[in-house]
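Inspection log for the structure reproduced underneath, given as structure tokens.
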2 protein chains.
Amino acid sequence: MEALPTKKQNWSIQVAITIYDIAREAKVGIGTVSRVFNGHPNVTKETREKVLVVAKRLNYQPHVYAQGLARQRTNTFAAIIPFFTNYFFIEVLQGVQEKISSIGFDLILHGINHPDEIDESLRRSSRRGRVDGIIFFSMRVPDSFAKKWKDLEIPIVLVDTFHEAFDSITVENFQGAQIATEHLISLGHKNIGMITANIKSDPARIRLEGFRAAIQKHGLTPHPGNIIVSDVTKLDGFSRDAGYLAMKEMLKLGSNLPSAIFISSDVQAIGAISALREKGLRVPDDMAIVSFDDIELAQHFGLTTMRQPMFRMGELAVDQMVKRKQNPAALPVQMRFMPELVVRQSCGAKKLSPNIEDYVHHKDINELASPQD
Amino acid sequence: MEALPTKKQNWSIQVAITIYDIAREAKVGIGTVSRVFNGHPNVTKETREKVLVVAKRLNYQPHVYAQGLARQRTNTFAAIIPFFTNYFFIEVLQGVQEKISSIGFDLILHGINHPDEIDESLRRSSRRGRVDGIIFFSMRVPDSFAKKWKDLEIPIVLVDTFHEAFDSITVENFQGAQIATEHLISLGHKNIGMITANIKSDPARIRLEGFRAAIQKHGLTPHPGNIIVSDVTKLDGFSRDAGYLAMKEMLKLGSNLPSAIFISSDVQAIGAISALREKGLRVPDDMAIVSFDDIELAQHFGLTTMRQPMFRMGELAVDQMVKRKQNPAALPVQMRFMPELVVRQSCGAKKLSPNIEDYVHHKDINELASPQD
DNA sequence: CTACTTTGTGGAAGCCCTTCCAACAAAAAA
DNA sequence: TTTTTTGTTGGAAGGGCTTCCACAAAGTAG
């Protein structure tokens, strides 16, 4: 019962074709075979043909790890992503995946469900010869970490988070939040609240700051208790449940309930709408909502939201990684996108000026701002 | 401008620590160093300590590719997934990711957006020494492919699709569809329709068959035109848009509209509900709906649906992969889960017997059927 | 017709591990 | 004490590739 499979395996190992086999069969040297597969110019047409014919006949496949070992690079990037079931990450990830694949690289995915796992993932990714670069998503980078990572001497690109020591691709969370809030102000709302995700998350914190700045800038009186900061840790509070709970909390304000709120993500908004609906309150009639992200579902819910070019951000992360490898010594590059206000039903603007186009079906994400590099 | 980065790189390469450095510093042989890191028992405590101290001092990291080359295995699996923005895949993928990570393996992700890419992905994954196994999602496996893949001599596990030559983890689509349909029948509906995804997809096709079987079994008269088969190719028709369009189509039946429908996935159901709402029709009052999958959103929409243990399926795929590697010669194993009817609002059953628990918050997916291996 | 390039080629060395075998030391058995 | 067993160790071989160096052949210039 044990012997048989082993036997079988042995056979399958012996069957492996190496450049030595090809060299022998084609009556050339191994160096020549290697040159053929690497497109080295100094090989005559006839030799090249001869090698390729034999290689095809023997169904040769180069051994990736042997190549990696000899070349000292892996043609692989790692992506370290928190909670990748979050729709935002998925859309960015798709951009990353497609781009990586298009340049003939492979993508190693590390999902992080608990902060402790970050270190482990980085350790795994940073083992020498594992990957050529790491794309790091959304998680705050403490200075102590930054120093350690710099020592890794492996390129790191940050997406949706920022640290001066690394390349980063982010969105203007502050201004985005400001624009969102000002949209509500422009619709005449005086008592505007906010529901934000866990403040440990940079985007959540900055969006809150942007919101406050807008309120202040327009001389509105801040109403106590109409800012709900989620203390949910799962998904950093960027979840439907967190939004639901936050709105439940807010509903306790009773008659002091704001007439409009800015919510730090679409998923939270969806949860919040649930909570409102349970109370018999309607959006936007009883409460106007503007949120953030523009995930695919946002359009279904008619959410007015701040659109982030997620797919594009993923692609750019890979582009930047490639550039960084070409020039490791260059100064860190920061790319920031300006999110775009997408007006749908949830803010109530459509009621005021119904000539704006309605249900947007299949509208492509267009690039909002070009990177400033 | 060119010289500097190169110089820098040289330096960083020279700084790389190998077992030879450790052996020298610790005054032991390389074999001993290797044994220490591989937990080989025959090393004295003192020697082990000595090596570990030096290794820590020099910040030694083993070179993954060198290990892979020497060990003849990679500790890496590939997952080939179509349209991984689909919620179903994401949840399965998460199971895969967590399990892979927990056994200390890495996951290489290949997203497929067009059938042509399958071959390329398989080629890339099957290069010798690239991965130790491939988990293949949802896509139909033609016999011609199967033969080719068998020759790859690399373990393949199928998830959400079936072929007799490979291990597979699937759900009872036929019976699931039957149960869903019978639930509607049991609620008294006589004219029941179906909206299905693209019939090219196995799950879609089989669910349609299950639906038909249920209708026939209970002696209901099939109503012409109340089965809408999506011809959308994007996401194989398992999308909100496809569901929306299908319902638009169905609405043309006018007064012949069925009073209940079975829809082949939750996302489609969400789209269909959109279309109904636009016409001012309400769920479940004007139309009862049962769908399939139980993605996270289903509960938000109050969808009555057939729950698949997606996360668990992902985990099992990895488990099976490990088993398969231990015993490559064993006969293919098929695991089939029975989906479970989750009753929420969209079918209208709650109205009839309101004692059923309502909004299910955070209920964990429990395993529905144990694998029959 | 020589001297010097250029082009094409073979294969050793090197990338960094694991594993196996031989050698030795220490402990146990005779 | 001698022999056998057991435990520990060093390092060669091997995994499959790239790259560099040496060299031969062929071309170019003087």
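Chain letters run A, B, ... following the sequence lines, proteins first, then strands; residues in each count from 1. Keep in mind it's a predicted model, so treat the numbers as computed, not measured.
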With the side chain of [X] defined as its heavy atoms from C-beta on, choose the nearest nucleotide among [options].
{"X": "I19(A)", "options": "dC17(D), dC16(C), dC17(C)", "result": "dC17(D)"}
{"X": "T44(B)", "options": "dT9(D), dC17(D), dC17(C)", "result": "dT9(D)"}
{"X": "T47(B)", "options": "dC17(D), dT8(D), dC16(C)", "result": "dT8(D)"}
{"X": "P62(A)", "options": "dG16(D), dC17(D), dT18(C)", "result": "dC17(D)"}
{"X": "T32(A)", "options": "dC17(D), dG14(D), dT9(C)", "result": "dT9(C)"}
{"X": "R35(B)", "options": "dT18(C), dT9(D), dG16(D)", "result": "dT9(D)"}
{"X": "H63(A)", "options": "dT18(D), dG16(D), dT18(C)", "result": "dG16(D)"}

At under 4.0 Å, does any side-chain N or O of [X] touch on OP1 or OP2 of [N]?
{"X": "T18(B)", "N": "dC15(C)", "result": "no"}
{"X": "N42(A)", "N": "dT7(C)", "result": "no"}
{"X": "N38(B)", "N": "dT18(C)", "result": "yes"}
{"X": "Q72(A)", "N": "dC15(C)", "result": "no"}
{"X": "Y60(B)", "N": "dC17(C)", "result": "yes"}

Mind checking [X] for me? I need base, sugar-phosphate or nothing, with any heavy atom below 4.0 Å counting as a touch.
{"X": "K27(B)", "result": "sugar-phosphate"}
{"X": "E46(A)", "result": "nothing"}
{"X": "R128(B)", "result": "sugar-phosphate"}

| task | Test for a donor-acceptor pair under 3.5 Å between the base of dC17(C) and the side chain of Y20(B), counting only N and O atoms. | result |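 Checked by distance alone, the answer is yes.
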
| query | Can a salt bridge be assigned to the pair D106(A) and R130(B) using a cut-off of 4.0 Å between side-chain N and carboxylate O? | reply |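 The answer is yes: the pair qualifies as a salt bridge.
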
Starting at atom [atom1] of [X], determine the distance to atom [atom2] of [N], rounded to an integer number of angstrom.
{"X": "R48(B)", "N": "dG7(D)", "atom1": "CZ", "atom2": "C1'", "result": "13 Å"}
{"X": "R71(B)", "N": "dC16(C)", "atom1": "CZ", "atom2": "C1'", "result": "12 Å"}
{"X": "H40(A)", "N": "dC20(D)", "atom1": "NE2", "atom2": "C1'", "result": "11 Å"}
{"X": "Q61(B)", "N": "dC17(C)", "atom1": "CD", "atom2": "P", "result": "10 Å"}
{"X": "I22(A)", "N": "dG10(C)", "atom1": "CD1", "atom2": "C1'", "result": "16 Å"}
{"X": "I17(B)", "N": "dC15(C)", "atom1": "CD1", "atom2": "C1'", "result": "15 Å"}
{"X": "N75(A)", "N": "dT18(D)", "atom1": "CG", "atom2": "C1'", "result": "14 Å"}

| request: Check step by step if ring pair (Phe, Tyr, Trp, His ring centres under 6.0 Å) holds for F136(A) and F166(A). | output: CA-CA 10 Å; F136(A) 193 83; F166(A) 302 100; 8.7 Å; no

| query | Side chains of N75(B) and R73(B): do they bring a donor and an acceptor to under 3.5 Å? | reply |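 The criterion, which ignores hydrogens and geometry beyond distance, is satisfied for R73(B) and N75(B).
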
| query | Within 45° of the six-membered ring axis of F145(A) and under 6.0 Å from that ring's centre, is NZ or CZ of K150(A) located there? | reply |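 Cation-pi check for K150(A) and F145(A): fails.
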
| message | Taking L93(A)'s backbone N and O only, do any of them form a donor-acceptor pair with Q97(A)'s side chain (distance below 3.5 Å, no angle check)? | response |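 Side chain of Q97(A) to backbone of L93(A), a donor-acceptor pair under 3.5 Å: no, none is there.
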
| For the residue pair Y65(A) and Y65(B), does the interplanar ring angle fall in the parallel (under 30°), tilted (30 to 60°) or perpendicular (over 60°) class? |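 Ring orientation, 0 to 90° scale: parallel.
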
| request: For Y65(B) and for V43(B), locate the closest nucleotide of DNA chain D by heavy-atom distance; then report the residue assigned to the nucleotide nearer the 5' terminus. | output: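 Checking each residue's closest nucleotide, the 5'-ward one belongs to V43(B).
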
| request: Starting from the 5' end of DNA chain D, give me the residue, G29(B) or Q67(B), whose nearest nucleotide shows up first. | output: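 The 5'-side residue here is G29(B).
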
| field | Position toward the 5' end of DNA chain C (nearest nucleotide), L69(A) or I30(A) | value |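 With L69(A) and I30(A) compared, the 5'-side residue is I30(A).
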
